[in-house]
Amino acid sequence: MLTNTAPPRSLREAWIALTGLSAVFLVEMLDNSVLTVALPTIGRELHASTLALQWVTSAYVLVFGGLMLVFGAIADRVGRRRVMLVGLALLGIASLATAVVTSAEQLIAVRALMGVAAAMTTPGSIALAFRLFGDEGLRMRAITLISTVGLVGLAVGPVVGGFVLAVAPWQVLLLVNVPIAALAFLGVRLGIAPDDPADLHRVPLDVPGALLGTATIVLALLAPTLFVERGSGAWAPWVATAAAVVAGTLFVVRERTARHPLLDLALVARPLVSGGLAHKAAAGLAVTGLGYVVTLQLQLEWGWSPGLAALGMLPQVAVLLAAGPFVTPFVERVGSDRAAWLGSAAIVAGLAVFTTAGRAGYPGVALALALVAAGLRVVGVVAALSVMRGLPQNRTSIGAALVDTADEVTSGVGIAVTGTVLAALVTGSIATPTLSPAQTAQFGHAATVSGLVLTLAAAALAGWATVRTRNAV
């Protein structure tokens with residue numbers, strides 16, 4: 001176990017810790033992408049309904065998103081490294097349980113446990129990387145490295161999943177988490193020193209605030225899913241939205257009046273923190289919303305097969321992976337504030353390209369995907385660093401949890417926006433093998449409107465973030 005508290009002077013000196021933290025992010029990204037391709041197989045073998053399969057994915061997302069803030073607050077109180085190690089152990093145990101799953105209900109329970117583990121570990125990978133180094137440049141390189149490893153998992157997950165399913169049962173896709181979690185456990189255990197007790201946040205946990213915050217986030221994540229699945233004419237999405245607003249209002253009131261709030265709203269209001277979160281929200285909204293509408297456009301309007309549509313998303317994947325080595329030099333050259341602005345500008349430009357030229361042919365779509373991916377690559381690193389820099393040293397875990405929560409919630413909103421626009425402008429169901437000529441024309445119009453809404457929303461968030469962080473220290 002590492003006992004020397006002197007900060008590493010290079011990434012090479014911290015290779016054990018970075019291996020562990022990268023493995024944490026890898027398993028979360030891989031876990032998200034690799035299981036999607038297996039859902040039809042899981043449905044057949046477990047005799048699961050469409051609703052049950054939906055909850056195999058939703059249980060993980062809701063628990064993960066809902067508990068990140070809570071575990072971020074706990075980590076700042078009891079130790080980031082300790083919470084990380086417990087979460088990795090839980091991830092290994094939950095993944096092993098997959099071997100004995102015999103029903104959809106059991107798999108949903110396993111996925112919920114994995115969501116708990118992800119909430120304990122994923123935000124901590126950024127928080128611990130930030131705290132590991134004293135130099136801003138090394139922090140940026142470390143976070144870029146960790147995010148690159150995670151993006152590799154996200155990119156190759158479906159391909160790996162398809163190959164594995166050809167030769168092995170679907171359970172292997174989750175059992176692979178076990179050795180990765182073990183590698184992460186060893187890397188964190190051996191490469192990162194225990195937290196200094198004097199550096200922990202020594203106030204009681206705000207339990208009512210934790211419950212209200214969790215309810216707000218879970219409902220905010222559930223509502224977009226219900227809008228997409230049931231349409232804007234159903235009552236359930238609107239009830240979930242109203243409940244999220246009520247819970248969020250009560251959460252704000254609680255945090256403003258509590259003696260020891262779970263989330264100090266004065267800290268969130270700091271320019272670097274609020275600006276970084278707004279940049280992150282713009283990126284999450286754009287990437288998920290654009291990915292959703294492009295995937296449908298390629299298949300429904302242009303008649304591409306699912307496999308060809310997947311290849312059509314390659315510009316985004318290629319840029320996300322290839323841009324990694326250039327992020328740190330770019331940010332160091334132009335500065336963090338300008339890099340955040342330029343990254344968000346690329347995202348907005350990509351959405352604008354899709355809105356104006358996305359229907360003219362695939363080159364416009366490819367350019368839009370590439371621009372948004374390039375902007376995301378920069379914003380993802382700079383926004384996280386901005387939030388970390390704007391918070392006290394003893395609140396970095398909840399800061400990292402805020403960044404990931406903003407990403408999760410706005411990603412859900414991005415899908416909800418595009419799904420609601422499609423439901424409103426396309427008559428009949430789009431879940432058919434072929435659309436009628438009238439539906440095809442309606443879908444094309446809906447895709448343009450979706451792009452416009454996403455462009456305006458991302459531009460508003462990025463513009464506000466730029467104003468907030470200008471001249472901030």
Side-chain angles (χ1 to χ4, degrees), residues 50 54 220-238 240-241 281-313 315-316 347-373 376 409-462:
T50 301
Q54 180 182 314
L221 290 170
L222 180 61
T225 302
L226 293 176
F227 271 112
V228 173
E229 291 169 355
R230 304 190 184 184
S232 58
W235 60 268
W238 294 107
T241 301
L285 183 77
V287 171
T288 309
L290 181 63
Y292 182 75
V293 73
V294 166
T295 301
L296 291 179
Q297 180 192 40
L298 296 179
Q299 296 177 73
L300 299 180
E301 187 181 10
W302 293 356
W304 292 22
S305 68
L308 191 58
L311 290 176
M313 301 298 291
Q316 184 179 69
I347 289 171
V348 174
L351 292 173
V353 167
F354 176 77
T355 303
T356 57
R359 297 183 65 193
Y362 180 70
V365 171
L367 178 59
L369 291 171
L371 283 171
V372 170
L376 171 66
V409 172
T410 52
S411 293
V413 171
I415 293 177
V417 167
T418 54
T420 302
V421 170
L422 291 175
L425 298 183
V426 180
T427 58
S429 173
I430 62 173
T432 57
T434 57
L435 299 182
S436 68
Q439 285 180 312
T440 300
Q442 290 170 350
F443 181 89
H445 177 60
T448 300
V449 172
S450 297
L452 178 61
V453 173
L454 291 172
T455 302
L456 294 176
L461 285 167

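Computation of the quantities below employed the complete heavy-atom set of this structure, encompassing side-chain atoms and omitting hydrogens, waters and symmetry-equivalent molecules. On a predicted model such as this, the values are computed, not experimentally measured, just so you know.
Taking CG from L290 and CD from Q297, the interatomic distance works out to 9.5 Å, rounded to the nearest 0.5 Å. Summarising the geometry, atom NE2 belonging to H445 is positioned 9.0 Å from atom CZ belonging to R359; distances are rounded to the nearest 0.5 Å. From T241, atom OG1 reaches atom CG of L226 across 8.0 Å, with rounding to the nearest 0.5 Å.
Judged as a side chain to side chain contact (heavy atoms under 4.5 Å, CB included), and not counting sequence neighbours, the contacts of L376 are A283, V287, L320. Contacts of A352 classified as side chain to side chain contact (heavy atoms under 4.5 Å, CB included), with partners at least two apart in sequence or in another chain: T455. Under the side chain to side chain contact (heavy atoms under 4.5 Å, CB included) criterion, V453 pairs with V417, V449, sequence neighbours left out.
Side-chain contact between L371 and I347: absent, with no pair of heavy atoms (C-beta onward) separated by less than 4.5 Å. A 4.5 Å side-chain heavy-atom check between L308 and W302 finds every atom pair outside the cut-off. Between V293 and F354, some side-chain heavy-atom pair lies under the 4.5 Å cut-off.
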Worksheet entry | Test log, rule side chain to side chain contact (heavy atoms under 4.5 Å, CB included), inputs F443 and L296 | CA-CA 9 Å; F443 181 89; L296 291 179; 3.6 Å; yes

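Nearest approach of G289 to L454, heavy atoms of both residues: C-CD1, 3.7 Å. Considering every non-hydrogen atom in both A282 and A462, the closest pair reads CB-N, 4.3 Å. For L369 against P315, the heavy-atom pair with the smallest separation is CB-CB, 4.4 Å. What you find for A220 and V409 is that their closest heavy atoms are CB-CG1, 4.3 Å. The two residues A446 and L422 make their nearest non-hydrogen contact at CB-CD2, 3.5 Å. Annotation for G350 and V372: closest pair CA-CG2, 3.9 Å, computed over non-hydrogen atoms.
Judged purely by atom type and a 3.5 angstrom limit, Q316 has no side-chain atom pairing as donor or acceptor with the backbone of M313.
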